[in-house]
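Below is one structure, written out as structure tokens, with a few remarks after it.
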Amino acid sequence: MSMAAVETKKITLRTADNHEFEVEEAIAMEFSTIKTFFDENPDASEDTIPLPNVTSKCLSAIIEYCKSHLAFRARETSSSIDEQVRTYDEEFVKARDNESLKELILAANYLNIKALLDMLNQAVADRIKNKSVEYVRRFFGLENDYTPEEEAAIRAENEWAFEGVDPDDD
Amino acid sequence: MARPNDVPQDILDQILSRLPVKSLLRFKSVSKSWRCFISSPPFTRNHLRRASSLDPGITALKILLSKPDGFRFVDCEPSHSPAAVRLRFPPKATPDISDHVQLFGSCHGLVCLGVGNPRHLVLWNPSTGDSKTLPDYYDVIPVPAMWNCIGGLGYDPSSDDYKVFLSNNSLFVIFSLRKNSWRRIQLDYGPCVYTNGVYSNGALHWKNYGDGRIFGFDLETERFYLVPGPDLVNNDALYFQRGTLFEVGGERLGVGGFEFWLMKKHGVKESWTRIRNTPEFDEWPRIWNSFKCLLENNDFIVLGGLQQEIITHNANGIGRQIKTYMESLISPHLSH
């Protein structure tokens with residue numbers, strides 16, 4: 001980011017765990033929820049915006065993501081930039097466990113950041129696609145409401161779909 | 001009862017619609033509500049739409065084989081060995097189905113088969129296992145008239161309907177899934193054909209026997225129209241079938257391989273482009289699921305990649321009848 005002589009406007013955000021974050025306006029505008037709020041309340045820009053559904057851990061990751069993507073977009077498009085964006089996104093997701101991914105998705109949804117949400121949804125799809133049924137239940141916190149007989153019948157309908165599944169190691 | 005960190009339904013929809021068919025079929029076992037959701041027409045249609053345009057990786061090309069002891073499919077994905085997987089045939093199979101099975105066509109992951117004697121027609125999704133036996137056509141047309149018929153299965157977007165077309169070159173019948181009935185139609189203009197039509201973009205396609213002109217049968221107007229072909233030197237040898245993504249015509253050049261032409265823009269004669277051909281009959285394993293079926297008959301299957309690479313596979317002896325289909329979750333039972 002360039003060090004402009006003009007002071008860039010900052011917006012203050014307060015997370016669920018009471019941390020305050022000062023972010024540049026450009027970044028806050030990436031959160032459609034906030035952008036819409038300011039469009040409707042132009043005089044509110046000095047106020048601190050409460051984000052009761054977002055933790056500080058999530059928000060700081062999201063701010064990093066938006067900062068990096070804004071920087072990428074400021075450069076000229078090329079296939080090497082696309083490659084860098086891809087690598088950045090992969091790294092962003094790779095180290096996070098399932099719970100953090102879910103938290104980020106819920107936060108990105110609440111803040112309405114479409115590009116991040118799409119990227120995270122794709123990352124989850126990629127993560128679960130070769131996994132077992134049990135893994136997916138654990139991931140989404142779902143109860144198995146089939147009886148053993150019902151479940152066996154459903155599995156038998158599409159036996160081939162159960163082959164080549166990754167073993168559950170986590 | 002939703003808990004604070006439960007993923008909302010619209011996000012679940014987003015995630016699930018990015019999954020391949022195989023994963024979705026498996027995840028029907030996650031819970032009853034997942035099974036209901038994954039089978040629901042809005043979801044299955046959206047998945048098909050995404051697969052056709054945004055995200056071809058969520059569906060795979062498969063080859064359906066009809067063998068003496070039943071059906072199998074062969075997976076074209078590179079991570080799987082090309083061993084044929086046994087499929088359960090739909091419930092109304094007669095014991096000796098193999099002798100009287102005709103594969104009429106495939107569209108959106110549905111396959112249309114004629115089974116038994118006299119023939120029953122079945123719409124079947126080999127991926128999900130769902131099938132629907134169609135009402136018999138004997139009220140509309142006498143049985144012997146259709147014994148040597150050919151046909152096709154297609155989708156009419158104007159009425160959101162799947163239609164089966166049967167022809168013996170003088171009598172023509174159409175089945176509408178939405179109306180669940182057959183009717184005869186009068187056709188004064190059309191090709192003379194001895195092979196099944198291939199579906200693409202709201203129409204079934206054939207090559208006219210003899211002069212090789214290409215005909216499309218529009219499923220909305222239920223009329224034939226001419227599709228301009230490339231100007232090939234040797235038109236006699238023109239094979240034509242239309243695949244999922246693009247048209248191909250090819251002619252055998254001497255002893256070597258085929259020459260392939262693609263119609264890049266449907267209906268536009270100038271868009272016929274010659275593309276490079278590969279050596280004949282590559283080894284089987286090298287097939288990617290981004291390939292689309294261009295041409296198939298009982299001798300060989302030709303697949304085209306999105307970068308216009310072509311792979312041919314010698315299908316001789318791998319099955320009595322073969323038909324390629326793209327996986328989908330579409331049900332043969334239309335619901336509104």
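In this text, all values refer to a predicted model and were calculated from it rather than measured experimentally. Throughout, protein chains are lettered first and strands after them, A, B, ... in sequence-line order, and every chain is numbered starting at 1. Heavy atoms only: backbone and side chains are in, while hydrogens, waters and symmetry mates are out.
- A side-chain donor-acceptor contact under 3.5 Å links A:N158 to the backbone of B:S127.
- For the set A:V124, A:I128, A:I105, the entry with the most heavy-atom pairs within less than 4.5 Å of chain B is A:I128.
- With chain B as the partner, the residue from A:E134, A:R155, A:Q122, A:E150 showing the most heavy-atom pairs under 4.5 Å is A:Q122.
- Residue contact with chain B, scored on non-hydrogen atoms closer than 4.5 Å, involves the side chain of A:V136 exclusively.
- Most heavy-atom pairs under 4.5 Å with chain B, from the set A:D126, A:N144, A:D118, A:L120: that is A:D118.
- Remark: the A:S100 side chain and the A:D97 side chain contain an N/O donor-acceptor pair separated by less than 3.5 Å.
- Judged purely by distance below 3.5 Å, without hydrogens or angles, the side chains of A:H69 and A:D89 pair a donor atom with an acceptor atom.
- The local environment of NZ in A:K35 is sparse, with at most 12 non-hydrogen atoms from other residues, nucleotides or ligands closer than 6.0 Å.
- When each of B:D10, B:V21, B:L19 is checked for heavy-atom pairs under 4.5 Å with chain A, B:L19 comes out on top.
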Criterion salt bridge (charged side-chain N to carboxylate O under 4.0 Å, His left out) on A:E99 and A:K57, from CA distance to verdict: CA-CA 12 Å; A:E99 278 312 307; A:K57 187 172 126 205; over 6 Å; no

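- Neither the backbone nor the side chain of B:I58 comes within less than 4.5 Å of any heavy atom of chain A.
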